[in-house]
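Given the structure is predicted, the values throughout are model-derived calculations rather than measurements. Here is the naming used below: chain letters follow the sequence lines, and residue numbers restart at 1 for every chain.
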Amino acid sequence: MTEDSTLPANNFIRNRIKSDLAQQNVSVITRFPPEPNGYLHIGHAKSICLNFGIAAEFKGHCNLRFDDTNPDKEDDEYVEAIKHDVSWLGYTWQQLEFASNYFEQLYAYAVQLIEGGHAYVCDLNPEQVRAYRGSLTEPGKNSPFRGRSVAENLDLFSRMRAGEFKEGERVLRAKIDMAAGNINMRDPALYRIKHAHHHRTADRWCIYPMYDYAHCISDALEGITHSLCTLEFEDHRPLYDWVLDTLKTPAHPQQIEFARLSLDYTITSKRKLLQLVEDQHVQAWDDPRMPTISGLRRRGYPATAIRDFCERIGITKKDAQIDVGVLENCAREALDHAAPRAMCVLNPIKVVIDNYPAGETEELDVANHPKRPELGRRSLPFGREIYIERDDFMEQAEKKFFRLAPGKEVRLRFAYCITCTEVIKDSNGAIVELHCSYDPLTKGGKTGDGRKVKGIIHWVSCQHSIAVQVNLYDRLFNTPNPGAQDNFTDHLNPHSLISLTDSRAEASLSNSEAMQAYQFERCGYFCRDAEDNAAGQPVFNRTVTLRDTWAKINSK
RNA sequence: UGGGCCGUCGCCAAGUGGUAAGGCACGGGGUUUUGAUCCCCGCAUUCGUAGGUUCGAACCCUACCGGCCCAGCCA
C-alpha cells in the first residue's frame, strides 16, 4: 500500500469524482434518499457511508432527503427513526428535505412537459397499460390516447389534480418510445391518482409523482452533483436523463450506480424485515438480531464498527455476498479497544475452596483494561465460595483441555491457583458442586516453585456477585442466503436467542449504564440492554463472541 | 429471446499496457494471568474461457461461457 492507510480505499466512484473535479472546480453534493417506509438496515449504512463520506472527503455536503412519493406506505415513525440512525452513525446532513416539499414544482414541471408535447394523460387501466407495454422481447404499442392535444392533456391533468377521477382511471405518461428495448422508456407513468392521506401534505394532493419523475428533479433542485444509487436503477438512468434533458433543468446531476450490500445469513429487504416484525419472529425493528441500524445498536455494535465495515467492503458494481465474519470482526476490533473488562459467569457451577478461611474476603485490585491503564482499576472481592463456568470443568479431560478437571490445577484470573479435589453430584449424576484447594503462594501471578499453570479461568464470588440475565444472540438464519429461499421464514435459526437467567456477574456491573459495552473476559463483548427484565435484573446482550481458538481446535 | 450490467485467491477488493496491493478467512511460530489482544511468517507464475494485437496484456480487440437486473399506476 503506497497510500496513507487512513485514506479511504479507492473505488470507481471516488475515481470518477476525482476526474470530474479535475475538469471543473465545483463542490460535490450528494444525498441519501431513503423512503420512510421502514427502518434503515446495514445495507443502507453502506449507502450512507458512501454518500456522506464522499461529500466530506471532497469538502462538499450531503442532504438527507426522504423519498416520500407513495403515501400508502410512508409514515412519520420511520422518518424519525431514520434521522436518528443517520445521526447515530455520526453523520450530519446539510439540508433535510422531502420529495413532497417539491410537489408544487414537480407539478409545474409536468405541465411544462405536457406543453412541450412530451407527456400525455392516458385513460388505459393498469391491465391495459401492461398489455400495451409489450414484453421483454416484443415492442409495445402506442396508447390510443397518445395523440391527445396539448390543451386536452392540460385540462385532463388539472382535473386529475382536482380530484375528478378515481384511482387507476387516468395517469400522466411521458411520451418517449413504446418500442424501446429498455422497458422503462416505453411511455412510463409520471403521475398516478391516489386518494390517500400523505404523512406531510395530508390531503392536499390526490395525484402523486412516480419515483423516476420525482427523484431526478429533486436531485436537480438541490444541486446534487452525483446521485449515487444501487444497480437496479441502472436501467432507469436513461429516463433520469430524459426527464432532465427535456425539461432543461438548471442542473443535471450524474447518476452512478453501485452494488447493494448482501450479507451472509442475513436479510436486507425492507419488506421481509417488516414481515419478521409483524409476524413476531423478532420482538421489534430494533431486536438485537435484526440487521437494522437500530438492532445493531441495541446489540452493542459501535457506530465506528459499522463505518469501518462499510469502508472495508468497498464499492463496486459486482454483486457480492459479504461474509458476516467481516462485520463481526469490525465489532471485535472496535470493542477490544473501547470496552472495559469485567467478569461474568454465564452458566455457573459453585466451587468451594476448602482450605480458604470461611467468612474471609479479599479485595483484589485489578485493571479495567489490559492495555489501557487510563480506563482505571477496580476492586474484585474474592472469597471461599465462588462460581466458575460449567464449561471450564471437565470430568474426563483430554490432554489439550487445560482448564479445571479432577486433580488438575488452574489459575483463577487475577486470583489464586486452585486444584480440584472433589466432584459432588446429585442423584441423577449431574455435577452440582466442586471442591478445590488453593495455593496461598500463588496470589497475583506467580507460583512459589516456578511451576507452570497454563489454564486461566474467570470466576465471581458467590457472596458478592449479582444475578443477571444474559442474552446470547446468534445469526437469525441458518442458511447463507435466506433471501433466495422460497420461504425465508422456514430458515430462521431457532437458537438465535438464548436467554440465560442464572448468570452471575461481578458486583461492579450492578450500576452499569445502558448501552455501556464490556468485555466479559473469555466470553465476549456485551452491553447492558436499555430495558432490564421484569424481575429487575440487569440484562446484558452479547454483541459478539471473542475469537475462540479453543472452540476451533475442539471441533476438529 | 429484447435492453442494461458484472466476472482478479475460500469471501471481499486494489490495479485500467510494463510484469498481481490490502483486509477477512486459513496454516505455522512468538508474547501474554483472557485458548482474547498484539507481533512475525506463509497463503493467485496468475486475473471466467479461447483466440488475436503488442517487445510486453488482468488491462486493448474478437468470440464464447457463467451470473445479476428490467415487463408496478413501488422505490
Rounded to whole angstrom units, what separation is found between the [atom1] atom of [X] and the [atom2] atom of [N]?
| X | N | atom1 | atom2 | answer |
| --- | --- | --- | --- | --- |
| Trp459(A) | rU33(B) | CH2 | P | 18 Å |
| Phe12(A) | rU16(B) | CZ | P | 17 Å |
| Leu546(A) | rU34(B) | CG | P | 11 Å |
| Asp548(A) | rC26(B) | CG | P | 12 Å |
| Arg14(A) | rU16(B) | CZ | P | 15 Å |
| Glu234(A) | rG4(B) | CD | C1' | 6 Å |
| Glu311(A) | rA13(B) | CD | C1' | 12 Å |
| Asp392(A) | rA36(B) | CG | P | 14 Å |

Within the 6.0 Å centroid threshold, strictly below: Tyr518(A) and Tyr525(A): no
Ring centers of Phe540(A), Phe520(A) separated by less than 6.0 Å: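 Ring centroids of Phe540(A) and Phe520(A) are less than 6.0 Å from each other.
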How is [X] classified with respect to the nucleic acid when contacts are heavy atoms under 4.0 Å: base, sugar-phosphate, or nothing?
| X | result |
| --- | --- |
| Tyr213(A) | nothing |
| Arg341(A) | base |
| Arg411(A) | base |
| Glu521(A) | base |

First encountered from the 5' end of RNA chain B, between Leu412(A) and Ile315(A): Ile315(A)
Given RNA chain B, 5'-ward residue of the pair Lys443(A) and Gly314(A), judged by closest heavy atom: Gly314(A)
Ring pair (Phe, Tyr, Trp, His ring centres under 6.0 Å) evaluation trace for Tyr416(A) with Phe382(A): CA-CA 10 Å; Tyr416(A) 299 94; Phe382(A) 179 80; 5.4 Å; yes
Side-chain ion pair, [X] and [Y], N-O less than 4.0 Å:
| X | Y | result |
| --- | --- | --- |
| Asp68(A) | Lys73(A) | no |
| Arg522(A) | Glu389(A) | no |
| Glu74(A) | Arg200(A) | no |
| Glu35(A) | Lys270(A) | no |
| Glu97(A) | Arg31(A) | no |
| Glu257(A) | Lys317(A) | yes |

Check: rU34(B) base within 3.5 Å donor-acceptor of Gln519(A) side chain: yes
Step-by-step side-chain contact (heavy atoms from CB on, under 4.5 Å) determination, Trp242(A) to Cys216(A): CA-CA 10 Å; Trp242(A) 180 91; Cys216(A) 54; over 6 Å; no
[atom1] spacing across the pair [N] / [M], given as an integer number of angstrom:
| N | M | atom1 | result |
| --- | --- | --- | --- |
| rC9(B) | rA20(B) | C1' | 11 Å |
| rU16(B) | rG72(B) | C1' | 39 Å |
| rC12(B) | rC70(B) | C1' | 27 Å |
| rU8(B) | rU46(B) | C1' | 9 Å |
| rC64(B) | rG23(B) | P | 40 Å |
| rU49(B) | rG10(B) | P | 13 Å |
| rU19(B) | rC59(B) | C1' | 12 Å |
| rA13(B) | rA44(B) | C1' | 14 Å |

side-chain contact (heavy atoms from CB on, under 4.5 Å) assessment of Phe32(A) paired with Ser47(A): CA-CA 7 Å; Phe32(A) 172 61; Ser47(A) 176; 3.6 Å; yes
Identified ring pair (Phe, Tyr, Trp, His ring centres under 6.0 Å) partner of Tyr213(A) from the options Tyr109(A), Phe103(A), Tyr240(A), Tyr191(A): Tyr191(A)
Steps toward side-chain contact (heavy atoms from CB on, under 4.5 Å) verdict (Arg170(A), Arg159(A)): CA-CA 10 Å; Arg170(A) 282 187 172 76; Arg159(A) 288 164 59 193; over 6 Å; no
For rG67(B), glycosidic torsion class - syn if within 90° of 0, otherwise anti: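 rG67(B): anti.
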Arg522(A) vs rG35(B): side-chain N/O to OP1/OP2 distance below 4.0 Å: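 Answer is yes, contact under 4.0 Å.
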side-chain N/O Asn11(A) vs rA13(B) OP1/OP2, d < 4.0 Å: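 So the side chain of Asn11(A) is outside the cut-off, no N or O lying under 4.0 Å from OP1 or OP2 of rA13(B).
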Residues within residues 255-265 of chain A bordering RNA chain B, heavy-atom distance below 4.0 Å: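 Nucleic-acid contacts, sorted: none.
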Contact residues, residues 316-332 of chain A to RNA chain B [heavy atom, < 4.0 Å]: Thr316(A), Lys317(A), Lys318(A), Asp319(A), Ala320(A), Gln321(A), Ile322(A), Asp323(A), Val326(A), Asn329(A)
B/S/- contact track for nucleotides 70-75 of chain B, protein heavy atom under 4.0 Å: BBSBSB
Non-hydrogen side-chain atoms of Glu506(A) and Leu380(A) separated by less than 4.5 Å: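 They are in side-chain contact.
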Arg146(A): side-chain hydrogen bond (donor to acceptor under 3.5 Å, both in side chains) partners, not counting sequence neighbours: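 Result, side-chain hydrogen bond (donor to acceptor under 3.5 Å, both in side chains) vs Arg146(A): Asp187(A).
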Among rU34(B), rC5(B), rC26(B), the one nearest Lys552(A) by side-chain distance: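 The answer is rC26(B), which lies nearest to the side chain.
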Nucleotide-level pairing of RNA chain B, given in dot-bracket where Watson-Crick and G-U pairs need both distances under 3.5 Å and | marks other strands: .(((((((.[[[..)..(...]]].(((((.......))))).....[[[[[..)....]]]]])))))).....
Extract all donor-acceptor atom pairs below 3.5 Å that involve side chains of residues 258-268 of chain A and protein atoms in other chains or at least two apart in sequence.
from, atom 1, to, atom 2, distance (Å)
Arg260(A), NH1, Glu232(A), OE2, 2.7
Ser262(A), OG, Ala320(A), O, 2.8
Asp264(A), OD1, Gln321(A), NE2, 3.2

